[in-house]
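All chains are named by letter (A, B, ...) in the order of the sequence lines, taking the proteins before the strands, and each is independently numbered beginning at 1.
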Amino acid sequence: MILGKDFFDRDCLEVAPELVGKIIVRKTDDGEMRVRITETEAYRGEEDKACHASRGRTPRTELLYAESGTIYIYLIYGMHWLMNVVTGGKDNPQGVLFRCGEGLSGPGKLTRHLKIDKSLNGKSFFSNPQIWIEDDGFKSAIKTAPRVGVDYAGDEWKSKPWRFIMSAE
DNA sequence: TTAGTGATATCC
DNA sequence: GATATCACTAAA
């Protein structure tokens, strides 16, 4: 079953752990790819110092304020595209980062493998012929951990257990 | 451990 | 206009 707007239209702390174990389906001219999500991170609004939206609404973060299910693609370190999905509804800048997929390691590799770049920025995960997310009924144990690469956000925010990882068993 | 890379935000 | 920063990876 393909995830619709209702799935994303909730708090990112609910959406992020539920996305673990789901499948990203990516369709390109070369065919169709499927990757099971193994790791996500939640970024929760302007009060979250680690969230891009914490510095206010800018042209880049504008998409975080869009409808739930909007795809937010961001180029980091000049070389890597990171993919997020907007959650929490309009004018509520929450997002979930797709951090890793099965057989891969790291968000940069995930997007490279799926041929994701800014051409998908601003698209949505439903009613989209290029990319969507499926639930095949797979359930997995999930563990949490502090988020990665957010040292700049200060102790309170960098220690939040908002990283969700598929557990081996 | 360090280099590489470029969009974005922030400061002139 | 300039420069500092960054939700990373690969090579060493």
Inset, instruction - May I ask you to decide if A/Lys5's main-chain N or O and A/Asp9's side chain share a donor-acceptor pair within less than 3.5 Å? - result: no
Taking only nitrogen or oxygen atoms into account, show me every contact under 3.5 Å that the protein makes with nucleotides 9-12 of chain C, one pair per line with its distance.
residue: C/dT9; atom: OP1; partner: A/Pro107; partner atom: N; Å: 3.0
residue: C/dT9; atom: OP1; partner: A/Gly108; partner atom: N; Å: 2.9
residue: C/dT9; atom: O4'; partner: A/His80; partner atom: NE2; Å: 3.1
residue: C/dA10; atom: OP1; partner: A/Arg112; partner atom: NH2; Å: 3.4

Show me the donor-acceptor pairs, under 3.5 Å and distance only, between side chains in residues 73-84 of chain A and residues at least two apart or in other chains.
residue: A/Tyr74; atom: OH; partner: A/Arg60; partner atom: NH1; Å: 3.1
residue: A/Asn84; atom: ND2; partner: A/Tyr72; partner atom: O; Å: 3.2

Inset, instruction - Taking A/Glu134 for its side chain and A/Met1 for its backbone only, find out whether a donor-acceptor pair lies under 3.5 Å. - result: no
Inset, instruction - Without swapping roles, check the side chain of A/Thr38 against the backbone of A/Cys100 for a donor-acceptor pair under 3.5 Å. - result: yes
Inset, instruction - May I ask you to say whether A/Arg147 pairs ionically with A/Asp48, meaning some side-chain N is under 4.0 Å from a carboxylate O? - result: yes
Legend entry - Positive for side-chain hydrogen bond (donor to acceptor under 3.5 Å, both in side chains) with A/Asp136, one of A/Arg34, A/Lys22, A/Arg36: A/Arg36
Inset, instruction - Would you check if the side chain of A/Ser124 reaches a backbone N or O of A/Thr70 as a donor-acceptor pair within less than 3.5 Å? - result: no
Inset, instruction - Could you state the atom-to-atom distance from CG of A/Leu97 to C1' of C/dC6 in whole Å? - result: 14 Å
Legend entry - Aromatic contact, A/Phe125 with A/Phe98 (centres under 6.0 Å): yes
Legend entry - Contacting residues from residues 85-96 of chain A, given that a heavy atom lies under 4.0 angstrom of DNA chain C: none
Legend entry - Separation of atom CD1 in A/Ile76 from atom C1' in C/dC6, rounded to whole Å: 4 Å
Inset, instruction - Could you tell me whether the side chain of A/Arg10 and the main chain of A/Phe7 form a donor-acceptor pair under 3.5 Å? - result: yes
Legend entry - Base-paired stems in DNA chain B, each at least three Watson-Crick or G-U pairs under 3.5 Å: B:1-4 with C:8-11, B:6-11 with C:1-6
Inset, instruction - Examine the side chains of A/Glu46 and A/Tyr65 and answer whether a donor and an acceptor come within less than 3.5 Å of each other. - result: yes
Legend entry - Short side-chain to backbone donor-acceptor contact, A/Ser167 and A/Lys143, under 3.5 Å: no
Legend entry - B/dG6 pyrimidine/purine six-ring stacking with A/Tyr77, under 5.5 Å and 30°: no
Legend entry - Donor-acceptor under 3.5 Å (A/Arg26 side chain, A/Glu32 main chain): no
Inset, instruction - Figure out the NE2/C1' separation between A/His52 and C/dT5, and round it to whole Å. - result: 11 Å
Legend entry - Pairing residues for A/Arg57 by the side-chain hydrogen bond (donor to acceptor under 3.5 Å, both in side chains) criterion, not counting sequence neighbours: A/Glu62
Using atom names, set out every protein N or O paired with an N or O of nucleotides 7-10 of chain B below 3.5 Å, distance rounded to 0.1 Å.
residue: B/dA9; atom: OP1; partner: A/Thr58; partner atom: OG1; Å: 2.4
residue: B/dA9; atom: O3'; partner: A/Arg55; partner atom: NH1; Å: 3.4

